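These numbers come from a predicted model, not from an experiment. All ligand and atom numbering here is 1-based and tracks the order in the structure.
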Amino acid sequence: MTFRTRFAPSPTGPLHLGHAYSAITAHDMARHAGGAFLLRMEDTDLQRAKPEWDALILEDLTWLGLTWDGPVLRQSEQLDSYTPALNRFADMDLLYPCSCSRSQIQAALAAPQEGVAHDVYPGTCKHRTMDSRQPGDALRLHLDRALDRLGGALPCFVETGPARRGTHRIEPDHARSEIGDIVLSRKGDGIVAYFLASALDDIAQSITVVVRGEDLFDFTPIQVLLLSLLDLPIPRYRHHGLIRDETGKRLAKRDDARAIATYRAAGKTPQDIRAMVGL
Ligand code: GLU
């Protein structure tokens with residue numbers, strides 16, 4: 001099987017050192033393996049994703065000397081492509097509408113959920129059926145029914161990154177405490193949730209190994225669960241360590257001092273960037 005990986009930035013800010021590390025790592029692995037390196041803009045957040053950031057990211061990647069195979073996939077240009085998956089979840093009776101606001105959800109949760117990738121939904125709208133769906137309602141996965149549907153066949157995935165190498169199985173208790181009834185279609189605009197679009201596109205782009213930062217590791221069980229419910233193949237995953245600042249803090253997108261564009265303007269070379277991220 002040909003090695004195929006991708007870099008999938010959200011164009012909501014400039015490319016910084018952490019992104020550059022991720023992109024170079026995935027790119028070099030693909031080139032080394034004689035495989036393919038694809039580029040995907042995860043721009044479904046129509047408020048925050050901006051064409052200016054998209055253009056700057058492409059410019060920075062090119063300046064870094066990276067080349068990608070085929071055209072750039074932009075999720076905003078193919079929002080309809082996610083509808084069949086949502087319909088399949090509906091046909092399997094795994095969805096329910098939800099009108100809760102973020103503040104209602106937080107108020108219903110007794111305490112902040114530390115160490116959990118996202119707030120686990122308290123289940124306020126769980127009793128609702130699809131025929132009670134109102135315009136603007138979100139659609140949530142009914143996790144208990146999803147687990148029933150999988151029966152004893154627990155989804156699993158292979159992690160090849162150094163920190164958590166091995167086969168990871170998604171246990172029902174873990175799914176209930178860490179995943180819960182996740183949103184698959186967003187409140188308001190009805191756009192597909194980020195982690196579903198991303199998982200579907202990994203399959204649509206025939207990605208064999210998802211290379212990305214370990215900050216996204218906790219999303220993997222969610223994505224693997226969704227792909228399993230849809231009977232889609234599960235790629236392998238490789239989560240790499242994160243680039244941190246001098247104080248050990250993970251670099252954030254708003255940290256413009258570490259934006260690649262800032263280093264470029266200051267006269268650094270792509271080799272300097274590789275050296276700065278330890279490559
Ligand atoms: N779009 C995500 C981000 O920029 C990355 C998603 C992924 O690599 O799976 O954080």
Chemist: For R31, look at atom CZ and say whether over 12 heavy atoms of other residues, nucleotides or ligands are found less than 6.0 Å away.
Modeler: yes

Chemist: Heavy atoms only: which of H19, R40, E42 is nearest to atom 1 (N) of ligand 1?
Modeler: E42

Chemist: Would V211 count as a polar contact of ligand 1, with the cut-off being nitrogen or oxygen pairs under 3.5 Å?
Modeler: no

Chemist: Short list, please: which atoms of ligand 1 are under 4.0 Å from a heavy atom of S10?
Modeler: 1 (N), 2 (C), 3 (C), 4 (O)

Chemist: Under 30°, 30 to 60°, or over 60°: which ring-plane class applies to Y96 and Y121, parallel, tilted or perpendicular?
Modeler: tilted

Chemist: Which atoms of ligand 1 have any heavy atom of S198 under 4.0 Å away?
Modeler: 9 (O)

Chemist: Short question: side chain of D202, backbone of I207 - any donor-acceptor pair under 3.5 Å?
Modeler: no

Chemist: Does some side-chain heavy atom of H19 sit less than 4.5 Å from a side-chain heavy atom of I260?
Modeler: no

Chemist: With a 4.5 Å heavy-atom cut-off, do R128 and Q134 have their side chains touching?
Modeler: yes

Chemist: Within a distance under 4.0 Å of any heavy atom of R212, pick out the atoms of ligand 1 and give their elements.
Modeler: 7 (C), 8 (O), 9 (O)

Chemist: Short list, please: which atoms of ligand 1 are under 4.0 Å from a heavy atom of L216?
Modeler: 5 (C), 6 (C), 7 (C), 8 (O)

Chemist: Mark up the atoms of ligand 1 that fall under 4.0 Å of a heavy atom belonging to R6, in ascending order.
Modeler: 7 (C), 8 (O), 9 (O)

Chemist: State, yes or no, whether a side-chain contact exists between R6 and V210 at a heavy-atom distance under 4.5 Å.
Modeler: yes

Chemist: Going by heavy atoms, is Y194 under 4.0 Å from ligand 1?
Modeler: yes

